[in-house]
Structures are given as C-alpha cells and as structure tokens.
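Here is the structure we will look at, set down as structure tokens.
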Amino acid sequence: MADVEELKRKAGIEACKFVKSGMKVGLGTGSTVKHTVVELGRRMADEGLEIVGVPTSLATQKLALEVGIPLVELSEIDGLDIVIDGADEYDPKFQLIKGGGAALLREKIVAQESSAMVVVADDRKRVESLGAFPLPIELTPFSHEATVRSLSRLLDCRVNIRMAGDGPVITDNGNMIADAHTGPSINDPESTETEILLIAGVVQVGLFNNMCDAVVLAGMNGVETVINPNGRLNN
Ligand code: 5RP
C-alpha cells in the first residue's frame with residue numbers, strides 16, 4: 001500500500017496545474033495542501049510563475065512566506081481566481097467537511113471569495129455520507145458550554161470541545177472548536193449547516209456546501225482529477 005504521505009504529496013503537487021501566472025490564489029491549510037504551497041513556491045523560483053496568495057491560517061502564512069509566495073489581504077483585491085485546500089471528507093455531491101486543522105473560518109471566507117475551489121485529498125477522504133469525521137464547529141469562548149449543549153440537542157450526538165494538552169484548542173481567530181460526533185449520517189448537509197448557524201455562539205461550521213469544483217485525489221492507482229459536473233470548472 002502506498003505511503004499516505006506520498007499520496008498527499010502527489011495530490012498537492014498535481015493541483016498546481018490549475019494555477020497560472022497572474023492568478024490570485026487562496027492557500028489552504030493542512031498536511032496535503034502544504035505540498036501545493038511548497039510546489040507553487042518552487043515554480044515561482046524555478047519557472048517564473050507569478051502569483052499572489054491569500055493564506056487561510058497563520059501556519060500557511062508562515063509557510064508561504066518561507067517559500068517566497070507574496071501575500072495580500074482579501075481587502076486589497078477584488079476576489080481570488082482559485083483556492084486550493086484540503087478536506088476531511090467529501091461526498092458524491094462534492095459537499096465537504098473541513099476544519100480538522102481548526103482553520104475552517106478563514107478557509108470558508110477565502111473559499112467564498114474564490115471563483116473556483118479545488119480540493120486536494122487522498123482517497124480515504126471520499127465517503128458516501130458525511131459525518132464519520134467529527135464535524136468541526138468554531139464557537140465563541142463566551143458561554144461555550146451552553147453552545148455545546150445546544151449543538152448536542154440539535155444534532156442528537158456527543159459534542160466535545162477540542163483540546164490541546166490541558167487546554168482547549170484556540171483558533172487563529174481566538175475562538176474554540178467543538179467536534180460533533182454525528183456519525184456518517186449527514187445526508188442533508190445544506191439543512192444541517194443552516195440549522196447549526198442559527199445557534200448564537202456558533203461562529204462557523206465546517207460544512208462546505210456547493211463550493212468545491214474539483215477534487216485532486218491520490219490513491220494506490222495514481223492521481224485523478226474529479227470535476228464536479230455542477231461546478232464552475234465544468235467546461
Ligand atoms: C484545516 C482543514 C484541512 O484542510 C483538513 O483538515 C485536511 O487536512 P489534511 O490534508 O492534513 O488531512 O480543513 O482546517
């Protein structure tokens with residue numbers, strides 16, 4: 001069986017084919033898309049590729065600067081040509097769970113500003129129904145216990161505050177992350193997203209609906225690019 005890290009590297013590098021000189025590129029977060037960021041930096045240095053990037057986390061910001069990708073703020077530009085990002089799960093309709101790396105809020109803002117979204121993944125991420133991966137939800141620290149209780153009632157499942165050692169994980173935005181253990185039962189992710197966002201205290205949820213246009217998927221038999229037939233890259 002191919003080494004998972006090697007699959008991630010292959011998918012991450014292959015996705016760079018969507019990036020052309022002059023583009024404004026959203027740079028995702030995670031162990032797969034980090035290979036994309038490194039490869040884009042290499043292409044800038046070796047092949048004259050000219051891009052600017054918007055990072056989706058402080059970690060990606062640091063990496064992008066290390067590999068020489070110039071960064072801009074979303075406020076300085078009028079949208080992005082593309083965002084390349086990882087995912088924790090994707091279903092047959094290209095709906096995603098993201099936020100395993102606690103960067104979901106910035107990732108969603110950047111995806112929303114992008115004309116296309118390409119996901120890089122290994123084939124463990126493909127599921128029939130979302131939710132085996134616990135659904136990440138960003139919460140305000142204020143009264144987060146009450147927000148967790150509301151989420152648990154709504155979703156009828158265990159919801160845990162994500163911990164790092166003795167304390168809660170704190171996001172780049174100063175918030176907390178709750179993980180909802182729904183099981184693989186999120187069959188209507190659009191309704192689930194809407195219902196979760198109605199709870200005060202929820203900042204954002206890691207359901208990325210109707211955003212993903214293609215998945216660059218690495219598996220034992222190689223790398224394939226799966227285009228969403230209802231997406232913006234289908235032409
Ligand atoms: C971070 C994310 C990541 O993109 C997602 O967790 C996938 O990461 P990896 O490529 O390391 O499996 O959503 O918030």
Side-chain angles (χ1 to χ4, degrees), residues 2-16 18 25-40 53-64 80 82-91 94-114 116-127 130-139 161-164 168-182 186 189 193 196 202-209 211-219 223 226:
D3 174 51
V4 172
E5 192 52 36
E6 182 56 15
L7 295 183
K8 290 181 182 191
R9 199 181 69 80
K10 283 188 175 150
I13 290 175
E14 177 73 11
C16 294
F18 286 100
V25 182
L27 305 169
T29 297
S31 59
T32 314
V33 77
K34 82 171 184 216
H35 296 290
T36 308
V37 176
V38 170
E39 174 66 3
L40 290 175
V54 172
T56 53
S57 63
L58 298 178
T60 298
Q61 177 177 311
K62 181 168 177 289
L63 177 62
L80 292 161
I82 194 165
V83 58
I84 303 178
D85 205 344
D88 299 300
E89 287 185 345
Y90 81 94
D91 78 3
F94 293 78
Q95 312 292 45
L96 314 174
I97 285 184
K98 287 185 47 54
L104 64 110
L105 176 58
R106 294 187 188 200
E107 289 173 334
K108 210 169 195 177
I109 292 170
V110 170
Q112 190 173 266
E113 288 293 309
S114 299
M117 179 180 196
V118 172
V119 160
V120 287
D122 61 82
D123 58 7
R124 300 168 308 156
K125 308 285 181 74
R126 181 167 46 192
V127 299
L130 298 172
F133 189 93
L135 178 62
I137 302 167
E138 185 155 346
L139 309 179
I161 290 293
R162 194 182 298 176
M163 304 295 285
V169 166
I170 301 296
T171 70
D172 290 348
N173 319 299
N175 296 316
M176 294 179 172
I177 297 285
D179 292 305
H181 295 256
T182 61
I186 305 178
E193 179 186 22
I196 290 173
V202 168
V203 178
Q204 196 44 260
V205 56
L207 285 167
F208 284 49
N209 291 313
M211 290 183 141
C212 173
D213 300 293
V215 179
V216 177
L217 190 68
V223 185
V226 193

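Atoms within a ligand are numbered from 1 in the order they appear, just like the ligands themselves.
Between the CG atom in Asp88 and the NZ atom in Lys125 there is a gap of 5.5 Å [rounded to 0.5 Å]. Within the model, atoms CG of Leu105 and CG of Asn173 stand 4.5 Å from one another, a figure rounded to the nearest 0.5 Å.
Scanning the protein for heavy atoms near atom 9 (P) of ligand 1, the closest one is Ser31 OG, 3.4 Å. Scanning the protein for heavy atoms near atom 2 (C) of ligand 1, the closest one is Glu107 OE2, 3.3 Å.
Using a 4.5 Å heavy-atom cutoff, the side chains of Phe208 and Gln95 are not in contact. You'll find the side chain of Phe94 reaches within 4.5 Å of the side chain of Val226, heavy atoms only.
Side chain of Thr60 to main chain of Gly28: a donor-acceptor pair is present (N/O by atom type, distance under 3.5 Å, no hydrogens or angles). Arg126 contributes no side-chain N or O that, together with a main-chain N or O of Leu217, makes up a donor-acceptor pair within less than 3.5 Å.
Selection from Val119, Leu96, Asp88, Thr29 by nearest heavy atom to atom 6 (O) of ligand 1 gives Asp88. Relative to atom 8 (O) of ligand 1, the option among Gly30, Ala121, Gly99 with the closest non-hydrogen atom is Gly30.
Of the N or O atoms in Lys8, none lie within a sub-3.5 Å distance of an N or O in ligand 1. The shortest N/O to N/O separation between Gly101 and ligand 1 falls below 3.5 Å. Every N/O-N/O distance between Val33 and ligand 1 stays at or above 3.5 Å.
Close approach of ligand 1 to Ala102 is summarised as follows: ligand atoms under 4.0 Å from at least one heavy atom of the residue are 14 (O). Heavy-atom contacts of Gly86 reach the following atoms of ligand 1: 4 (O) (cutoff under 4.0 Å). Annotation for ligand 1: atoms under 4.0 Å from non-hydrogen atoms of Thr32 are 9 (P), 10 (O). Close contacts between ligand 1 and Asp85 involve ligand atoms 4 (O) [criterion: under 4.0 Å to a heavy atom].
Heavy-atom separations between Lys125 and ligand 1 include at least one value shorter than 4.0 Å. Judged by the shortest distance from any of its heavy atoms, Gly28 lies outside the 4.0 Å radius around the atoms of ligand 1.
Comment: Asp122 does not engage Lys8 in a salt bridge, judged by the lack of any side-chain N to carboxylate O separation of less than 4.0 angstrom.
Contact annotation for Ser57 and ligand 1: no heavy atom of the residue comes within less than 4.0 Å of the ligand. Neither the backbone nor the side chain of Val120 comes within 4.0 Å of ligand 1, counting heavy atoms alone. For Pro136, no heavy-atom contact with ligand 1 is shorter than 4.0 Å.
Exactly one residue among Val205, Val202, Asn175 makes a side chain to side chain contact (heavy atoms under 4.5 Å, CB included) with Leu139. That residue is Val202.
For the pair Val120 and Gly12, the tightest heavy-atom approach, listed with the atom from each and the gap, is CG1-CA, 4.1 Å.
Side-chain N/O atoms of His35 and Glu14 include no donor and acceptor closer than 3.5 Å.
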